[in-house]
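Below is one structure, written out as structure tokens; comments come after it.
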Protein chains: 2
Amino acid sequence: MNESTTRDADLTRARILEAAFDLFVDRGFAAVTMRELAEASGVTKSLIHHHFGNKEGLWDAVKEMAFARYYEGQKADLERSGDPDANLLSNSVVRYFRFLAENPRVVRLFSWAHLEGDSSCSHMDAELVELGAGRVRQAQEAGQLRDDVNPTHVVTTFVNACTQWFATCEHHADWPGMGSDEEYLADFLKIFMRGLQPD
Amino acid sequence: MNESTTRDADLTRARILEAAFDLFVDRGFAAVTMRELAEASGVTKSLIHHHFGNKEGLWDAVKEMAFARYYEGQKADLERSGDPDANLLSNSVVRYFRFLAENPRVVRLFSWAHLEGDSSCSHMDAELVELGAGRVRQAQEAGQLRDDVNPTHVVTTFVNACTQWFATCEHHADWPGMGSDEEYLADFLKIFMRGLQPD
DNA sequence: TTACTAACTGGCCGGCCGGTCAATTGGGGC
DNA sequence: GCCCCAATTGACCGGCCGGCCAGTTAGTAA
């Protein structure tokens, strides 16, 4: 039987969220209309208002869902790799880079949200960076990384280098001299890791 | 005498462009209305249509103006510093970083344009990166930089690290452990330049 | 079976959207 | 001084915007 005919508020909300995610990621909040959202979700405009209040409520819900997934994944990643060996930082960079490679739409969503001034996720971002910075500090104290640089800046540097790569990848994909995702990652790691070697 | 009452097409166009730049930078293309643009410019809506055709024409003109300024400045910077000494790359990073620090609104404009799929400036960006990559290659051949990394990736790495810093600076400005612009730049340079030292 | 509640629909609303057009104004060339 | 054309205006347009609301339908608990 087709379950789409039966009433299921959670399923409906999920379907609306999914369709809204796609539309908002592609065109941003302002350029998407409630009518498009309704059609893409397969429900009526009124039903979206019923479940999410208004357009901004839906936008907030989409951002919250996307960031919650991102946050959980990253936190698990950071807490998993327990033993602080010399490759921990390198592995973290690779994991972060690959996560973005597999979730490019999340990068776009956060870019829109940030440009529009959204700061609701800032504290979660701060927490992740703090977690990472703590790991870097441990490695510094263990003599595995140079200790004359701010650990927070170390994390920020690689997060920036990875994020911006995927934020602009459609542009530079076919520029002369530009390598693939993995080639860029390899070169960045060469520079980054040697740059962090202790004296 | 108040010159604003006299007719001057160039001045009018410049005024419209300036006001539109501010509005588009703050809220993006879709969220700004022609009425707001007209009021901010001190002219009528019809006059904007007269000079720029339609809303998209104005948006294109704003992007073109902003990117032309950016492109000229960067190209001059790249061609000025002629003698390839060991500090050339370091100086280039500093100059690029400081340019962004002084023109944060340009970063925002390009972010909007990129998210909306604009690729009209891509070839100019490519040219700048190629110019920079050529410099890196020269330094590699002179034995001043390690030569086992792609020069284009070297340029991209520092451009990404700088751009993303200013794209997200409102967020992380007050995060615990995060330093000032100059402190981040100093730490990034430490890592980046040591990471590029020849074997 | 019934009564209640939440899910869901379709039509409607006032208002603002981008854009057009006819009319007016003013400055520069003759 | 006159004329012409570009600059500029304000009224106006059809259409779409987000949101609302009265009504209908389907699960669910008593």
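Below, read A as the first sequence line, B as the second, and so on, with proteins coming before strands; counting in each chain starts at 1.
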For nucleotides 28-30 of chain D, print each protein N/O atom paired with a nucleotide N/O atom at under 3.5 Å, atom names and distance only.
none

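Residues meeting the side chain to side chain donor-acceptor pair (under 3.5 Å) test with B:S119, sequence neighbours left out: none. Applying the salt bridge (charged side-chain N to carboxylate O under 4.0 Å, His left out) test to A:D199 and every residue at least two apart in sequence or in another chain returns B:R194. Applying the side chain to side chain donor-acceptor pair (under 3.5 Å) rule to B:R146 yields the partners B:D148; only residues at least two apart in sequence or on another chain are considered. With sequence neighbours excluded, the residues that form a side chain to side chain contact (heavy atoms under 4.5 Å, CB included) with A:D147 are A:Q140. The side chain to side chain donor-acceptor pair (under 3.5 Å) test applied to B:R98 returns B:E182, not counting sequence neighbours. Under the rule for a side chain to side chain contact (heavy atoms under 4.5 Å, CB included), A:D174 has no partner lying at least two apart in sequence or in another chain. Every residue meeting the side chain to side chain contact (heavy atoms under 4.5 Å, CB included) condition with B:A126, not counting sequence neighbours, appears here in chain and number order: A:W175.
The list of ring pair (Phe, Tyr, Trp, His ring centres under 6.0 Å) pairs with a residue in residues 134-155 of chain B, not counting sequence neighbours, reads A:Y184-B:H153. Applying the ring pair (Phe, Tyr, Trp, His ring centres under 6.0 Å) test to pairs two or more places apart or on separate chains, none has a residue in residues 121-145 of chain B.
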Treat primed atoms plus P, OP1 and OP2 as sugar-phosphate and everything else as base, then score nucleotides 6-17 of chain C 5' to 3': B for base contact with protein heavy atoms under 4.0 Å, S for sugar-phosphate contact only, - for none. BBBBBB-----B
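Rounded to a whole Å, the NE2 atom of B:H49 is 6 Å from the P atom of C:dT20. For the pair B:L37 CG and C:dG19 C1', the interatomic distance rounds to 14 Å; values are reported in whole Å.
Of the charged side-chain nitrogens involved, at least one lies within less than 4.0 Å of a carboxylate oxygen, so that B:D60 and B:K63 count as a salt-bridged pair.
Scanning residues 19-26 of chain A for heavy-atom distances under 4.0 Å to DNA chain D yields an empty list.
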